[in-house]
Amino acid sequence: MIGLCVGLAGVIWAEVPVGGFTLAWQHSVEKVRWEEDYRVTPSGLVLKAARIKGSGAGMEPPDDAELRTGSWHYRPRLPPLQPLRLGRTPEAGDYQICSDRQCHDLAHWSGPPSAGQPAVELWGCRVTAKPDRL
């Protein structure tokens, strides 16, 4: 089964048996939630939709975004990402990976953010774990 791999430079730290997920985080300056919905494919992570709870500090929604239920909703047009590289610092807080209405901090699979390990990568890969839940 295709799932989500978490690691760095092609070294797998964890396999997450999901076909799709939401990547969520709190903007480090504006302190508002940002969410991106991905589908996992053999060619990479396909960004399907995104939501921002506010704007400012370099996070303005695109011109075609719609304000619904307190968030700006839009559909980014990007090629599959393989890998998706995330910067992590203790000061900024952690990312969350959400699936089936459950969210876990990325630290669940990769340890807490640290200055000594300022990045992590996510990519689509063949996973051996059973597809039950996060």
Pair V120-V6, side chain to side chain contact (heavy atoms under 4.5 Å, CB included): steps then yes or no: CA-CA 7 Å; V120 66; V6 179; 3.7 Å; yes
Heavy-atom pair of closest approach, residues G3 and V127: CA-CG1, 3.8 Å
Chi angles and distances behind the side chain to side chain donor-acceptor pair (under 3.5 Å) call for E15, T128: CA-CA 8 Å; E15 297 176 347; T128 57; 3.0 Å; yes
Geometric class of the H104/W109 ring pair [parallel <30°, tilted 30-60°, perpendicular >60°]: perpendicular
Rounded distance [0.5 Å steps], CH2 in W34 versus CH2 in W72: 13.0 Å
Distance (rounded to the nearest 0.5 Å) between L86 CG and L122 CG: 4.5 Å
Between OH on residue Y38 and CG on residue L4, distance to nearest 0.5 Å: 10.5 Å
Least distance between heavy atoms, A115 atom then P118 atom: O-CD, 3.7 Å
Value rounded to 0.5 Å, distance of CZ in R33 from CD1 in I52: 13.0 Å
Under 3.5 Å donor-acceptor, Q82 side chain and G124 backbone: yes
Side-chain heavy atoms of F21 within contact of D100, under 4.5 Å: no
Donor-acceptor contact present, side-chain D94 to main-chain D105, <3.5 Å: no
Close side-chain approach of V46 to P80, heavy-atom, < 4.5 Å: yes
Distance, nearest 0.5 Å, that separates CZ of R85 from CG of L8: 5.5 Å
Partner set under side-chain hydrogen bond (donor to acceptor under 3.5 Å, both in side chains) for S114, not counting sequence neighbours: none
Short N-O contact, R75 and D37, less than 4.0 angstrom: no
Distance-only side-chain donor-acceptor flag, R51 / H73, under 3.5 Å: no
Atom of P90, atom of P113 and distance for their closest heavy-atom approach: CG-O, 3.6 Å
Polar side-chain atom of E66 near backbone of Y74 as donor-acceptor pair, under 3.5 Å: no
Residue pair L106 / R88, side-chain heavy-atom distance below 4.5 Å: yes
Shared hydrophobic cluster, V40 / W123 (ILVMFWY, side-chain heavy atoms < 4.5 Å): no
Shared hydrophobic cluster for L84 and W13 (ILVMFWY, side-chain gaps under 4.5 Å): yes
Straight-line distance of M1 CE to R126 CZ, nearest 0.5 Å: 10.0 Å
Sidechain-backbone polar pair: R101 side chain, S99 backbone, donor-acceptor under 3.5 Å: no
pair T41-I2: side-chain heavy atoms closer than 4.5 Å: no
E36 side chain reached by W25 side chain, heavy atoms, under 4.5 Å: yes
